[in-house]
Asks: 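Input: one structure, supplied below.
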Amino acid sequence: MKIVVFRGRDTISTSRPHIPFIPHTDEDISLLVIVVDVNPVWWGQQILKESPFTLSKCMDAVLVMGNSHLVMSRSNRLAMIASHSQESRFLYPGKQWKPGSFMENGESSSAESSWSGSKDGKYELLAFGNDIVTEEIKDLMAKTEVRAHLTETLLAGSLAKALCYIHKVNKELDASHELKSRILVIQAAEDSAAQYMNVMNVIFAAQKQNILIDACVLDSESGLLQQAADITGGLYLKIPQLLALTQYLLWVFLPDPEQRSQLVLPPHVHVDYRAACFCHRNMIEIGYVCSVCLSIFCNFSPICTTCETAFRIALPPVLKAKKKKPRHPTLNYPAS
């Protein structure tokens, strides 16, 4: 093959050797688990405020993020978990789909046979997966019964379910493949101080398994997710404009951790490492820690309410009063 380059009056002729075709082999499998906060109380407040950002628009952005991750490589895999105030449910893979990705060998025949053509030029398998997620969300929200004492998002359970799914996929892989997994949490409601200990246990479990946790916060700042991203090496971002959620997801959270060093990303935020006390579930800076179970309390208690350990209180030494010597009565003799 010969290439001719024209530069003004000069003509340069170069020849390029034939490059043989090398088949593309993907040994590394990238698994992305997206945890979406679908708290009905928070999203209901958005409707009452007549906010243009609704749950359907949030799910549209999440689906764009998931589809973009899948088309980046044929070996990429995806999972979605809805974090509700009453349960944690898998949106994808759902009941109508086997675990894995859209493009696994041998699993696309059932999807293609049940699909009656493309929608607006969209890839059929991606559209089929989007419909599965949409139906699961509709079923979950339709069965919601809002209760006064169940208003907090079950974030700890969703993260634990994500770790279990990653472990399951890793066990099913061959020895020649390596799984690179990460978790993306899209949080809407505020942190739950009651779940502090459970969330921290999940964070340390993810750190031990080299699983990154990225945090995308929609409303108020999250101290728990700040710690999760900092401990596991992920990214934390509070979305400044909710209507631009799709752009932020594709810009910040779509690239793999190896590619993020080459991008200009938002600066790291200050991490709030305050802990929640076990007695009142308040965030404190200075408190009392049980030396047996490491429970944290804002007030001193001689008995730990978690492990029921009784502590001996070192009282200051009591000074004994010195005994006064009795005075002998003096005899007064009359003067002569």
Side-chain angles (χ1 to χ4, degrees), residues 24 26-37 51-54 57-81 83 101-102 123 126 130 155 158-159 162-163 166 178-191 199 202-204 206-207 209-274:
H24 178 69
D26 290 330
E27 296 182 357
D28 297 340
I29 297 177
S30 178
L31 172 60
L32 174 62
V33 182
I34 303 178
V35 178
V36 188
D37 187 355
S51 174
F53 185 74
T54 58
K57 293 186 178 180
C58 177
M59 291 306 304
D60 291 341
V62 172
L63 290 176
V64 171
M65 171 69 180
N67 294 340
S68 302
H69 172 74
L70 289 175
V71 300
M72 292 287 289
S73 175
R74 63 182 180 86
S75 61
N76 286 358
R77 296 191 179 186
L78 176 68
M80 291 187 186
I81 300 176
S83 185
S101 64
F102 287 112
Y123 183 49
L126 296 181
N130 293 351
L155 179 61
S158 301
L159 291 176
L163 290 181
I166 293 173
E178 181 181 359
L179 180 65
K180 295 182 179 180
S181 54
R182 54 194 174 105
I183 302 175
L184 171 60
V185 181
I186 302 178
Q187 183 179 8
E190 296 182 355
D191 287 340
V199 173
V202 174
I203 293 173
F204 290 126
Q207 180 193 28
Q209 298 178 14
N210 297 324
I211 299 175
L212 273 70
I213 298 180
D214 296 328
C216 177
V217 180
L218 304 180
D219 194 3
S220 57
E221 297 284 353
S222 173
L224 290 178
L225 292 182
Q226 287 180 1
Q227 298 182 34
D230 187 65
I231 292 174
T232 60
L235 294 176
Y236 175 89
L237 177 64
K238 183 183 181 300
I239 303 299
Q241 297 180 2
L242 296 180
L243 294 178
L245 177 61
T246 305
Q247 287 81 348
Y248 284 104
L249 290 178
L250 298 180
W251 167 40
V252 179
F253 300 107
L254 178 60
D256 292 333
E258 294 80 8
Q259 302 172 353
R260 294 177 180 178
S261 59
Q262 305 175 6
L263 302 175
V264 180
L265 299 176
H268 294 280
V269 297
H270 175 71
V271 182
D272 185 7
Y273 270 103
R274 292 184 302 170

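In this text the structure is predicted, and so the values were computed from the model without any measurement.
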Asks: Just so I know, are the side chains of N76 and L32 near enough to count as touching, which here means a heavy-atom distance under 4.5 Å?
Replies: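 Result no, sub-4.5 Å side-chain heavy-atom pair not found.
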Asks: Which atom pair, heavy atoms only, marks the closest approach of V33 to A162?
Replies: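 V33 and A162 have their closest heavy atoms at CG1-CB, 3.6 Å.
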Asks: For R182, is there any backbone N or O sitting under 3.5 Å from a side-chain donor or acceptor partner on D214?
Replies: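 No: the side chain of D214 does not pair with the backbone of R182.
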Asks: Within this structure, what is the CD1-CD1 distance for the pair I203 and I231, rounded to the nearest 0.5 Å?
Replies: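 I203 atom CD1 to I231 atom CD1 measures 5.5 Å (nearest 0.5 Å).
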Asks: Partners of D272 by salt bridge (charged side-chain N to carboxylate O under 4.0 Å, His left out), sequence neighbours excluded?
Replies: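 Listed in chain order: R274.
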Asks: Run C216 and I239 through side chain to side chain contact (heavy atoms under 4.5 Å, CB included) and show every step you take.
Replies: CA-CA 7 Å; C216 177; I239 303 299; 3.5 Å; yes
Asks: Nearest 0.5 Å, please: how far is CD1 in I211 from CG in L159?
Replies: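 Result: 10.5 Å between the selected atoms.
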Asks: Indicate the atoms forming the closest heavy-atom contact of S222 with D191, along with that distance.
Replies: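 Heavy atoms of S222 and D191 come nearest at OG-OD1, 2.7 Å.
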Asks: Quick one: are L249 and L184 in side-chain contact, heavy atoms under 4.5 Å?
Replies: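 They are in contact (side-chain heavy atoms under 4.5 Å apart), so the answer is yes.
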Asks: To the nearest 0.5 Å, what is the distance between CZ (R260) and CG (L235)?
Replies: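 If we round to the nearest 0.5 Å, R260:CZ and L235:CG are 4.0 Å apart.
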Asks: Is any side-chain heavy atom of L126 less than 4.5 Å from a side-chain heavy atom of V71?
Replies: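 L126 vs V71: side chains touch.
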Asks: Test side chain to side chain contact (heavy atoms under 4.5 Å, CB included) on M80 and V36; report intermediate values, then the result.
Replies: CA-CA 7 Å; M80 291 187 186; V36 188; 5.7 Å; no
Asks: Over all heavy atoms of both residues, which pair between I213 and A228 is shortest? Give the atoms and the distance, please.
Replies: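 Scanning both residues completely, I find the closest heavy atoms to be CG2-CB, 4.1 Å.
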Asks: Going by heavy atoms in the side chains, are Y236 and V185 under 4.5 Å from each other?
Replies: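 Answer no - side chains too far apart.
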Asks: Heavy-atom count around Q207 CD within 6.0 Å, excluding the residue itself: above 12?
Replies: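 Counting other residues, nucleotides and ligands, CD of Q207 exceeds 12 neighbours.
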Asks: Looking at every non-hydrogen atom in both residues, tell me the closest pair between S75 and D28 and how far apart they are.
Replies: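 Looking at all heavy atoms of both residues, the closest pair is OG-O, 3.4 Å.
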Asks: Which distance, rounded to the nearest 0.5 Å, do you find between the CG of L250 and the OG of S68?
Replies: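 Spacing of CG (L250) from OG (S68) equals 5.0 Å.
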Asks: Could you state the interatomic distance from CG (D256) to NZ (K180), rounded to the nearest 0.5 Å?
Replies: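 Result: 7.5 Å between the selected atoms.
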Asks: Hey, are the side chains of N67 and N130 touching, using non-hydrogen atoms and a 4.5 Å cut-off?
Replies: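 A side-chain contact exists here, since the closest heavy-atom pair is under 4.5 Å.
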Asks: Starting at CD of Q259, measure out to CG of L254 and round the result to the nearest 0.5 Å.
Replies: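 Answer for the CD-CG pair, Q259 versus L254, is 8.0 Å.
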Asks: Could you give all pairs that pass the salt bridge (charged side-chain N to carboxylate O under 4.0 Å, His left out) test and reach residues 216-241, with sequence neighbours left out?
Replies: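 Residue pairs passing salt bridge (charged side-chain N to carboxylate O under 4.0 Å, His left out), neighbours aside: none found.
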Asks: In sequence, state the C-alpha distance, the side-chain angles, and the governing distance for H69 and S30, and then conclude on side chain to side chain contact (heavy atoms under 4.5 Å, CB included).
Replies: CA-CA 9 Å; H69 172 74; S30 178; 3.4 Å; yes
Asks: Side chain to side chain contact (heavy atoms under 4.5 Å, CB included), that's the test. Do D37 and L218 meet it? Break it down for me.
Replies: CA-CA 10 Å; D37 187 355; L218 304 180; over 6 Å; no
Asks: With the side chain counted from C-beta on, respond yes when Y248 and P266 share a heavy-atom pair under 4.5 Å apart, and no when they do not.
Replies: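 No, too far: nothing below the 4.5 Å cut-off.
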Asks: Report yes if some heavy atom in the side chain of K57 is under 4.5 Å from a heavy atom in the side chain of T246; otherwise report no.
Replies: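 SC-SC contact between K57 and T246 ruled out.
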Asks: Looking only at heavy atoms, what is the nearest atom pair of G233 and L212, with distance?
Replies: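 What the structure gives for the nearest pair is O-CD2, 3.5 Å.
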Asks: Which heavy-atom pair separates F53 from L245 by the least distance, and what is that distance?
Replies: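 Shortest heavy-atom contact: CZ-CD2, 3.8 Å.
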Asks: Taking the side chain as C-beta and beyond, is there a heavy-atom pair between L237 and F253 under 4.5 Å?
Replies: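 Side-chain contact under 4.5 Å: yes.
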